[in-house]
Structure formats: structure tokens, C-alpha cells
Amino acid sequence: SPTVKTIQALEKADQLMLEKKFDEAFKTYQAVARYFRSQSQKGIKKSNVQFYYSVLHSMARALYGAGRLPESLEVYSWIPG
């Protein structure tokens, strides 16, 4: 199911972060975010907004770990303060 695949992808990305494979982790988090956006074409439901922002935060962390600070800051700017 899509939910199981999403959870598995997030677990894989988290493991990649622990292994310091930041670029690969970023790509995995990014794929989850893109899939989530594609499934929410009319906008992200209120109940799922925090999940989406959490994935964006993980993307930004991965970019930071990879030494890609400007891109990390850009992704963080997508999360409302």
C-alpha cells in the first residue's frame, strides 16, 4: 500500500542519515515529499500539514549534513514560522 511504502521510504532515509549518506537521504525524503504533494493536488489537508513539514525539515537536515547550506536554508524557508 502507498502508506506502507511511504513509511518504508522514511525509515530508509532515516537510516541513510545515520550512515551519513546525506545526499541519498535527501533524495529519498524528496521523493516522499513529491509523492505526498502529487496525492494532495488540491492542497494538503490540515491533518497532514505537520507530516509534510516534518518531511521538509528532514530534507533540510539532509542538505545541511551534505554541506549544502544555501539549499538547506531554502527548504527551511518553505516551512512557515
Side-chain angles (χ1 to χ4, degrees):
S1 85
T3 302
V4 171
K5 287 182 181 177
T6 299
I7 291 168
Q8 289 172 339
L10 291 172
E11 288 174 346
K12 175 187 174 189
D14 290 345
Q15 184 60 42
L16 290 167
M17 290 288 284
L18 291 172
E19 296 170 6
K20 300 187 185 312
K21 296 177 181 177
F22 300 115
D23 285 314
E24 198 174 337
F26 167 75
K27 290 175 187 171
T28 305
Y29 289 126
Q30 184 182 47
V32 170
R34 284 183 172 160
Y35 173 77
F36 193 74
R37 288 287 299 198
S38 74
Q39 298 303 305
S40 307
Q41 291 178 1
K42 295 180 183 175
I44 298 172
K45 295 176 187 170
K46 257 187 171 178
S47 60
N48 294 328
V49 168
Q50 284 306 117
F51 169 76
Y52 181 69
Y53 291 155
S54 173
V55 174
L56 292 181
H57 172 75
S58 295
M59 285 172 53
R61 284 179 44 239
L63 287 167
Y64 180 83
R68 297 164 61 183
L69 184 58
E71 292 165 282
S72 176
L73 293 174
E74 179 182 347
V75 172
Y76 271 124
S77 77
W78 302 340
I79 304 170

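Computation of the quantities below employed the complete heavy-atom set of this structure, encompassing side-chain atoms and omitting hydrogens, waters and symmetry-equivalent molecules.
Side-chain heavy atoms closer than 4.5 Å link hydrophobic residues (I, L, V, M, F, W, Y) into clusters, and following such links, even through other members, never connects I7 to V32. In the hydrophobic cluster analysis, where Ile, Leu, Val, Met, Phe, Trp and Tyr join through side-chain heavy atoms closer than 4.5 angstrom, M59 is grouped apart from Y35. Taken together through direct or relayed side-chain contacts under 4.5 Å among Ile, Leu, Val, Met, Phe, Trp and Tyr, I79 and V75 form part of one hydrophobic cluster.
Checked against a 6.0 Å centroid threshold, the rings of F36 and F51 count as neighbours.
Side chain of S72 to main chain of A60: a donor-acceptor pair is present (N/O by atom type, distance under 3.5 Å, no hydrogens or angles). T6 contributes a side-chain N or O that, together with a main-chain N or O of P2, makes up a donor-acceptor pair within less than 3.5 Å.
A donor-acceptor pair shorter than 3.5 Å cannot be found between the side chains of E11 and Q15. Side-chain polar atoms of Y53 and N48 form no donor-acceptor pair below 3.5 angstrom.
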Audit row: Q30, R34, side-chain contact (heavy atoms from CB on, under 4.5 Å) steps and yes/no
CA-CA 6 Å; Q30 184 182 47; R34 284 183 172 160; 3.4 Å; yes
Kindly determine whether L63 and L69 satisfy side-chain contact (heavy atoms from CB on, under 4.5 Å), including the steps that lead there.
CA-CA 7 Å; L63 287 167; L69 184 58; over 6 Å; no
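Within the 4.5 Å cutoff, the side chain of M17 has heavy atoms near those of the Y29 side chain. F22 places none of its side-chain heavy atoms less than 4.5 Å from the side chain of K27. For the pair Y52/V49, no side-chain contact is recorded, criterion being any heavy-atom separation below 4.5 Å from C-beta on. In this structure the side chain of D23 never reaches within 4.5 angstrom of the side chain of L16, judged on heavy atoms.
With rounding to the nearest 0.5 angstrom, the NE2 atom of H57 is 14.5 Å from the CH2 atom of W78. With rounding to the nearest 0.5 angstrom, the CZ atom of R68 is 5.5 Å from the CZ atom of F26.
The two residues A25 and A13 make their nearest non-hydrogen contact at CB-O, 3.7 Å.
A salt bridge does not link E24 with K21: every distance from a Lys NZ or Arg NE/NH1/NH2 to an Asp or Glu carboxylate oxygen is 4.0 Å or more.
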